[in-house]
Amino acid sequence: MQMIFLKKTKIPQILFSILVLSSCGKDKKTDTATTPIIEDTLPKMKPLGEEKKVSQAYKNSVVGRINHFYNKNWPNNNMNGSFLVAKNGQILFERYNGFANKNEGTKITAETPVQIASVSKVLTATAVLKLVNAGKIDLDQKVNTILKTFPYEECTIRMLLSHRTGMRNYAYFTDHDKSVWDRHNQLTNKDILDILATKDVGLESRTGTRFSYCNTNYAMLALIIEKITGLSYKEAMSEMIFKPLGMTHTYVFDDDKDRKKIVPSYKGNGVEIGFDYLDNVYGDKNVFSTARDLLKFDRARQSPDFLKPELLKQVYTGYSNERKGTKNYGLGIRMINWETGQNFYFHNGWWHGNTSSYITLMKEGVTIIALSNKMTRNTYAVRKLAPIFGDYPFNFKDEE
């Protein structure tokens, strides 16, 4: 009788336990199945991939002329920077010399990131264009639909990219008037937007009427990147461009964290240049990179899936030719357009003692990059190399 009683009492308990356990298992499966997977919709750059191999005969035919230019432009290896020339992504010639940090005695190498100054604009524009390409924003979208306090109603993203907003340079309108900005405080991109929204700094010219190169435009584009991606500019640039392309020595300078880590810049006489209140503004400057990383970036911009053909064509259209001439500006790229139909695309930079030059000879697949952290205009002379590779009708007065 006792055994029968035990069986009777245990069987329902066992059945109940099995039921509870099985329902728990179902719940776990259901939870896993219904957990939403957040898709990463951030548009990212892709490497170009393998390119046509450059023959040794071709290398031999150009290296001597590049070397001659290098020795003439920077006699006794006095460049204090990085210099690279490549074709189809393959390096033909590179040199690294001078001090990264004089006090520490460290030398510049292929892995030394330096401030690329306004060449940063090409990278900022690239991130914006990828967002346009992905349909997240429109080129002719009004800026105030994204940055709600932005005061100039007619201003579009295209105008920011092509410097046609008529805005004043933030370095000038924050420089003298303490009621606008106290220079004892570090200026940020958000501060610039707040000043535009609340202080009557005015426009230099009516929006959309003429070209005027202005850093404020690219400080605003960086804020647009942040608003659309939900990331900081530093994170967005890393996720969209630097990481996908393997640009392992490239980053956006953070003035609060990186002051002691970065390669400083120097005057022409070798005196170190300190920081100032403008060093926290990014988008127009503040990318640190190497010549080899910028080569990866340039080749990725030549990839067939970089941008849709219709959008790509607009990037290399001139927007600054109110007065007829050869100099022009596209969407984040400078250009020279000759009547012969030949076009030369490039961007230069200068900030403190850092000078930079990025040249992309797209027809020939040639990339020319020069970066220096010691003030010199010789960095910009690298355009003299263009005629080695194609019919670029420059008129160099001092050309041999």
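For the numbers below, each heavy atom of this structure counts, side chains included, while hydrogens, waters and symmetry mates do not.
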Margin query: If we ignore hydrogens and angles and just use 3.5 Å, is the side chain of S61 paired with the main-chain N or O of Y58 as donor and acceptor?
Written below: yes

Next item on the list: Assess K87 against F389: is NZ or CZ under 6.0 Å from the centre of the six-membered ring, and within 45 degrees of the ring's axis?
Entry: no

Next item on the list: Classify the angle between the aromatic ring planes of F253 and F275 as parallel (below 30°), tilted (30 to 60°) or perpendicular (above 60°).
Entry: parallel

Notebook entry, point to check: Are any side-chain N or O atoms of D175 and backbone N or O atoms of Y172, one a donor and one an acceptor, separated by less than 3.5 Å?
Noted result: no

Checklist line | Exam field: side chain K384 to backbone F396, donor-acceptor pair closer than 3.5 Å | finding: no

Check: Within the distance-only criterion (no hydrogens, no angle test), does the side chain of R210 pair as donor or acceptor with the backbone N or O of S205 below 3.5 angstrom?
Finding: no

Notebook entry, point to check: Would you say L48 and P304 make side-chain contact, with heavy atoms under 4.5 Å?
Noted result: yes

Next item on the list: Would you indicate whether the side-chain heavy atoms of T326 and N337 approach each other to under 4.5 Å?
Entry: no

Next item on the list: List for me each residue that meets side chain to side chain donor-acceptor pair (under 3.5 Å) alongside K363, sequence neighbours excluded, and say none if there are none.
Entry: Q342

Item checked: Reported CG-to-CE distance for the pair L123 and M237, which is rounded to 0.5 angstrom -> 5.0 Å

Check: Can you check whether G81's main-chain N or O pairs, donor with acceptor, with K374's side chain at less than 3.5 Å?
Finding: no

Notebook entry, point to check: Taking the six-membered ring of F344, is NZ or CZ of R383 closer than 6.0 Å to its centre and within 45° of its axis?
Noted result: no

Item checked: Connected via hydrophobic side-chain network under 4.5 Å: I388 and W338 -> yes

Margin query: Could you tell me if the side chain of S82 sits less than 4.5 Å from the side chain of I108, heavy atoms only?
Written below: yes

Margin query: Tell me whether N286 contacts the main-chain N or O of D279 through its side chain, where contact means a donor paired with an acceptor under 3.5 Å.
Written below: yes

Check: Would you say the side chain of Y96 lies within less than 4.5 Å of the side chain of L84, judging by non-hydrogen atoms?
Finding: yes

Next item on the list: Would you check if the side chain of Y218 reaches a backbone N or O of S120 as a donor-acceptor pair within less than 3.5 Å?
Entry: no

Checklist line | Salt-bridge present (D284, K121; N to O < 4.0 Å) | finding: no

Item checked: Residue pairs fulfilling ring pair (Phe, Tyr, Trp, His ring centres under 6.0 Å) with at least one residue in residues 300-334, sequence neighbours excluded -> H163-Y329, F211-Y329, Y316-Y345, Y329-H347

Check: Are the side chain of E226 and the backbone of S232 linked by a donor-acceptor contact shorter than 3.5 Å?
Finding: no

Next item on the list: Would you check if the side chain of N378 reaches a backbone N or O of N73 as a donor-acceptor pair within less than 3.5 Å?
Entry: yes

Checklist line | Q90 (side chain) donor-acceptor with N88 (main chain) under 3.5 angstrom | finding: yes

Notebook entry, point to check: Would you find more than 12 non-hydrogen atoms of other residues, nucleotides or ligands less than 6.0 Å from N76 atom CG?
Noted result: no

